[in-house]
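Before any comments, here is the structure.
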Amino acid sequence: MSSAVPADDLPDDDPPAEGRGVGEGATITPYRDGPLIVRGDFRLVDQDGAEIDPGRKTVALCRCGKSGIKPFCDGTHKRSGFSAPSAPSRPRPAAAILHQAGRPAPD
């Protein structure tokens with residue numbers, strides 16, 4: 001049984017980007033062949049809603065699936081040969097359509 005949650009079932013409790021001031025919220029950067037780096041103000045919760053204390057304002061989240069301290073990165077991606085680009089190889093179809101229409105993509 002898959003634990004993936006369909007995008008339509010995810011809660012929409014995050015304020016829209018245009019409602020945030022400079023310095024608020026989080027920035028998530030996928031590093032080439034490495035983790036997702038999360039910087040700024042964020043909450044990390046498990047799928048049941050229990051908060052996970054990251055212990056700091058900047059964390060590295062595992063992308064390779066092999067970390068021994070998931071959801072955090074422990075550097076295993078280097079030994080396992082994990083490979084992934086920093087950006088998508090092509091835009092998401094819905095995002096491209098909205099971009100052409102001049103509207104922001106929904107979360």
Side-chain angles (χ1 to χ4, degrees):
M1 176 178 199
S2 172
S3 63
V5 178
D8 293 340
D9 292 344
L10 292 175
D12 189 18
D13 56 4
D14 197 32
E18 60 270 6
R20 293 184 181 149
V22 174
E24 295 180 30
T27 300
I28 303 172
T29 307
Y31 270 66
R32 186 176 303 107
D33 303 334
L36 296 171
I37 303 298
V38 183
R39 293 180 179 95
D41 296 324
F42 62 91
R43 278 185 64 225
L44 185 59
V45 296
D46 67 15
Q47 69 182 21
D48 298 320
E51 191 146 351
I52 299 170
D53 180 8
R56 56 184 61 197
K57 287 222 177 234
T58 300
V59 297
L61 298 178
C62 177
R63 244 190 346 161
C64 75
K66 300 192 183 305
S67 172
I69 57 171
K70 290 182 197 88
F72 304 104
C73 175
D74 66 1
T76 301
H77 60 273
K78 294 175 187 173
R79 292 185 303 278
S80 70
F82 175 72
S83 177
S86 176
S89 57
R90 57 190 168 109
R92 295 179 11 220
I97 292 168
L98 292 171
H99 179 71
Q100 290 172 354
R103 298 187 325 213
D107 289 336

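Reckoned from all heavy atoms, side chains included, excluding hydrogens, waters and symmetry mates.
Through chains of ILVMFWY side-chain contacts below 4.5 Å, I37 is grouped with Y31.
Linking ILVMFWY residues whenever their side-chain heavy atoms come closer than 4.5 Å, directly or via other members, leaves F42 and V45 in distinct clusters.
Within the structure, salt bridge (charged side-chain N to carboxylate O under 4.0 Å, His left out) contacts touching residues 53-82 (residues at least two apart or in different chains) are D41-K57.
Checked by atom type and distance alone, the side chain of S83 never pairs as donor or acceptor with a backbone atom of D33 at under 3.5 Å. Judged purely by atom type and a 3.5 angstrom limit, D48 has no side-chain atom pairing as donor or acceptor with the backbone of A50.
Among residues two or more places apart in sequence or in another chain, the side chain to side chain contact (heavy atoms under 4.5 Å, CB included) test is passed with I28 by L36, V38.
Between the OG atom in S67 and the CZ atom in F82 there is a gap of 12.0 Å [rounded to 0.5 Å].
Residues P35 and F72 form no side-chain contact, since every pair of their non-hydrogen atoms from C-beta on lies 4.5 Å or further apart.
Between G75 and C73, the closest heavy-atom pair is N-SG, 3.3 Å.
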